[in-house]
Amino acid sequence: MRNRRLRRGITALALALLALPAVPGTALAEPTYPFRDPHLPVNARVDDLLGRLTQDEKISMLHQYQPAIPRLGIGLFKTGTEALHGIAWSTDIDNNGAVVKAKGTTFPQPVGMASTWNPDLIQRVGSAVGDEARGHHAQNPRVWGLNLWAPVVNLLRDPRWGRNEEGYSEDPTLTAAISTAYGSGMTGGDPDHLKSAPTLKHYLAYNNEVRRDVTSSNVPPRVLNEYERAAFKPAIAADAATGVMASYNLVNGRPATVDPDLATVIRGWTDKPLMNVTDAWAPNNLIGSQGYYATLPEGNAAIVKAGANSFITDDTNAQPTVTAIKQALATGLLTEQDIDARIRETLNLRIRLGEFDPGGGRYGGITPDVINSPEHQRLARQAAGEAMVLLKNSRQALPLDPTRTRKVAVLGPLADTLYTDWYGGDLPYQVTALDGIRERLGSAASVTGLDGADRITLKDPAGRYVTATGTTDADPVAATGTTASAAAQFDVVDWGQDVVTLRNAANGRYLGYNWGPFLTRDEQPNGWYVQQQFKLEPQADGTVALRYAGYETKESWFGPERYITVGADGALTLGATTAADATHFSREVISSGIDRAVAAARTADTAVLVVGSNPFINGREAHDRTSMALSAGQSALVKAVTRANPRTVLVLQTSYPVTTGWEHEHVPAVVWTTHAGAETGHAIADVLFGDRNPSGKLTQTWYRSDRQLPPDLLEYDIISSDQTYLYSSAKPLYPFGHGLSYTRFRYGQPRVDARSVRADGTIGVRVDVTNVGSRAGAEVVQLYTHQRTSRDKTALRALKAFQRVEIPAGQTRTATLRLPAADLAHWDVTRSRWVVESSTYDLLVGASVGDLRGRTAIQVRGETIPARDLSRPTRAENFDRYAGVRLVDETKPSGTAVGATAAGQWISFDGSALRPGVHTFTAKVARAGAGAGTIQIRLGSPTGRLLGTATVPSTGDDYRYASVSTRLAGVAGTHDVYLVFDSALRLADFSIR
């Protein structure tokens with residue numbers, strides 16, 4: 001004790017000395033503070049700086065834009081630079097928060113990066129992104145902050161999710177490995193110094209866009225722990241992330257913005273302080289769309305207490321947040337200690353970023369020269385190449401022989417175009433598929449490109465052509481043309497579900513709506529509101545009505561006029577609510593895109609079709625897909641070209657799985673790539689011509705049809721609804737982990753270190769893999785497990801480890817996979833903890849979950865889950881099965897209850913041991929509605945033997961609970977106990993004694 005006091009005294013003395021002003025003539029040139037001394041421990045520096053801040057200064061640091069503090073020489077600090085697959089964009093406080101796009105290295109979309117199954121590569125990508133963040137920061141630190149909002153680790157449970165492109169996989173093990181690699185690259189891997197500070201998005205259970213701010217994800221405890229949290233924990237535990245962003249949605253009835261996990265569960269995964277942030281404007285949702293709190297001070301106080309450090313709201317205007325926090329302090333909703341706890345964590349991050357170190361610390365010397373450097377361009381090409389997945393290759397259609405392939409037709413809407421996405425930066429250069437193939441084959445070959453789009457004109461009833469007049473906001477499109485000139489011609493690309501884009505033939509710009517006149521201004525469909533979308537709706541008289549389908553028409557505030565009318569002066573306006581009242585245009589086809597594509601394909605040695613999605617149209621933030629189908633127009637193009645030339649190769653470039661049953665049956669070779677950045681065309685050519693042997697593997701199941709998915713996108717309980725490869729028995733088009741090579745790999749019999757292991761042991765699995773082909777290749781060896789016996793429903797197969805192995809032709813390599821037995825645990829709802837059950841576990845190795853090449857088994861000596869003891873208080877949320885009920889917030893700050901909404905809904909508690917004698921059922925309940933409700937206690941089924949009925953009185957409020965009891969008929973033994981509800985009420989916990 002005395003030694004500790006002595007050390008504290010020495011430390012205090014050192015801090016005091018450091019705080020003294022310099023004496024003239026000494027070596028010290030200017031005053032300094034301990035928080036600026038890089039030789040002091042981080043916590044000592046935090047203590048010093050926190051102690052120097054006034055209460056107002058601390059409150060100001062709760063907003064996204066933490067203002068400068070000139071008296072301490074502290075500059076502006078901004079949380080949040082988007083960095084999903086390269087530095088994308090940030091906002092400018094000096095320009096009213098305007099979005100500033102980055103122009104640097106763009107890597108493949110995350111779903112593509114994960115398809116490399118190569119954490120080492122992805123760590124290098126993350127390091128490059130961290131370098132470029134530093135480079136941008138060196139250019140303008142007021143715009144480009146070092147707190148990066150990436151990666152997205154939300155699981156790709158349902159491929160219809162609009163933000164599918166942002167995530168990695170439907171599997172938590174793979175997601176964890178890739179996100180940890182990306183994050184560790186961005187941080188730099190130094191525990192005391194951060195290159196950048198990545199923030200995981202979006203906590204938690206966020207996989208839908210429609211009305212996302214008011215939908216509640218129903219996540220029972222097993223799904224919560226085994227699936228949702230499992231994706232977030234590894235990166236935090238590995239210090240590969242410095243915090244999380246709370247999601248917009250509610251989880252089990254509580255807005256994620258005030259999820260108590262932010263202060264408890266998440267922070268328990270690491271001994272490093274975390275800085276958590278809200279999503280944009282989410283604090284206002286608490287008192288707005290969600291109606292969760294009555295006032296902003298109440299909501300903001302709850303956010304601070306729940307564990308968020310940074311309020312992302314009101315753009316650059318921090319005043320509403322500051323005012324509300326001060327009111328919360330004045331009324332006792334918050335204490336200064338509550339604020340100190342959050343600011344302490346924020347200061348820790350700022351110090352580790354080197355902000356207060358001489359020269360910016362360890363990483364402060366990184367200059368803008370790193371942005372789009374040749375080294376990063378080469379890395380982007382490698383990542384784009386490794387991300388490509390060979391889905392099908394019949395009769396060795398691929399690779400193409402460049403010496404014999406002298407005439408190529410590159411066809412389709414993505415043949416000579418690269419699309420960006422909302423979370424990608426502007427491309428500093430572009431290599432399209434057409435560019436890459438032309439470059440690879442050289443000038444001696446004939447390589448032609450066509451997009452396969454119909455070229456049309458639209459003529460109003462007065463005989464006037466819809467005509468472009470220029471490319472600026474001052475050049476409205478109008479029905480004024482007297483001839484079908486190039487300015488009156490538009491190329492129509494079908495993106496699916498009847499949505500098309502119209503590109504003007506004269507200026508190459510897209511027809512769009514600019515909150516007023518219609519224009520041909522934009523080089524691509526883009527922007528938060530994607531205004532370049534239309535529908536050409538056929539009418540009975542052979543004409544078409546032009547419906548504006550721009551992104552903002554999905555917003556509730558958009559007016560009913562969505563059809564275009566033409567005025568006497570030829571001006572186009574949104575002037576009709578129905579097609580009947582709209583102007584009916586004559587649609588004349590100048591040239592058929594399919595006819596031109598077929599003609600080019602017939603004379604080519606090979607036709608390369610590049611079709612797929614537009615990231616700004618086919619699903620994105622705030623816009624889910626309703627179907628996985630490839631667009632009808634693109635599907636028709638594929639069919640026509642394949643019939644014209646049997647040597648057709650199909651390149652699917654999408655952000656999502658698509659249903660391509662016909663294509664799989666009839667096209668000889670199919671390759672998938674996501675939107676992979678500036679180097680996309682090089683990567684495509686590298687793979688098509690065999691300069692790179694494809695090794696990518698799918699990170700999602702590709703289903704045969706929409707019917708293999710749940711009808712409701714909001715069904716989050718993957719266990720009870722049999723979702724993802726883990727629980728689904730449906731036969732997919734392409735299984736999870738699928739991906740072919742230009743060589744063949746033969747697997748040996750897997751070998752284990754021992755035939756049995758304790759629950760705290762490690763399982764070593766080795767398998768020999770031989771390359772029996774004629775070219776070198778890389779195989780991703782995947783290890784899945786299956787638990788043969790369990791008290792609970794377990795996965796059909798679950799990925800537990802994988803290894804990417806490079807194997808020269810004709811040689812054998814041994815893959816060594818290490819599996820801690822603890823990774824076989826699942827969440828035991830009877831005791832609210834992890835359990836490794838004693839059982840036989842199958843160990844399955846192979847090239848995908850649908851191509852398992854070898855198996856063995858191991859005995860694990862773990863636990864046997866005992867019968868439930870309902871005599872102890874039992875949380876209602878820990879049911880085994882259920883029907884109709886929803887999980888809800890027990891109180892606003894914490895807890896989860898079961899909410900019934902209608903008669904006949906029930907929950908079950910299986911394998912419950914009931915002692916002999918008369919029992920009493922006691923429950924903690926709430927009922928907001930008038931009158932009484934009931935809970936029936938039954939055995940064996942919802943209609944089984946009735947033991948008793950508890951009456952639930954009206955408590956007048958969902959959060960006001962009462963204790964109720966009822967005597968039960970005598971029963972003994974082990975039974976499945978059912979609680980059956982007759983009406984709307986809430987149950988928090990109960991016991992049977």
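All of these numbers come straight from a predicted model, not from anything done at the bench. If you read the sequence from its start, that first residue is 1, and numbering goes on from there.
Aromatic ring centres of Phe879 and Phe909 lie farther apart than the 6.0 Å criterion allows.
Using cut-offs of 30° and 60° for the angle between ring planes, the Tyr206 and His202 rings count as perpendicular. Ring pair Tyr784/Tyr725 is perpendicular by interplanar angle, where above 60° counts as perpendicular and below 30° as parallel.
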field: Check against salt bridge (Lys or Arg N to Asp or Glu O under 4.0 Å), Asp910 and Arg881
entry: CA-CA 8 Å; Asp910 298 346; Arg881 289 170 293 127; 3.0 Å; yes

- request: Walk me through it: do Arg986 and Asp889 pass the test salt bridge (Lys or Arg N to Asp or Glu O under 4.0 Å)?
  value: CA-CA 10 Å; Arg986 293 185 174 199; Asp889 50 336; 3.3 Å; yes

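Between Asp957 and Arg927 there is no salt bridge, since none of the side-chain N atoms of the basic residue sits less than 4.0 Å from a carboxylate O of the acidic one. Salt-bridge formation is not detected for the pair Arg212/Asp624: no Lys NZ or Arg NE/NH1/NH2 atom is positioned less than 4.0 Å from an Asp or Glu carboxylate oxygen.
For Glu715 (side chain) and Pro711 (main-chain N/O), no donor-acceptor pair under 3.5 Å exists by modelled atom type. Of the possible donor and acceptor atoms, none in the side chain of Arg993 sits under 3.5 Å from a partner among the backbone N and O of Thr922. With hydrogens and angles ignored, the 3.5 Å screen pairs no side-chain donor or acceptor of Thr949 with any backbone N or O of Gln936. Proximity of a side-chain donor or acceptor of Ser991 to a complementary backbone N or O of Leu870 within less than 3.5 Å is not detected.
No donor-acceptor contact under 3.5 angstrom links the side chains of Thr257 and Asp279, judged on distance only. A donor-acceptor pair shorter than 3.5 Å can be found between the side chains of Thr830 and Asp828. When only modelled atom types and interatomic distance are considered, Arg755 and Thr856 share a side-chain donor-acceptor pair under 3.5 Å.
Shortest non-hydrogen contact noted between Asn207 and Asp158 is OD1-N, 3.1 Å.
With respect to His826, the side chain to side chain contact (heavy atoms under 4.5 Å, CB included) criterion is satisfied by exactly one of Asn225, Ile719, Ile865, Val836: Ile865.
Taking 4.5 Å as the limit, every side-chain heavy atom of Gln859 sits out of range of all side-chain heavy atoms of Tyr841.
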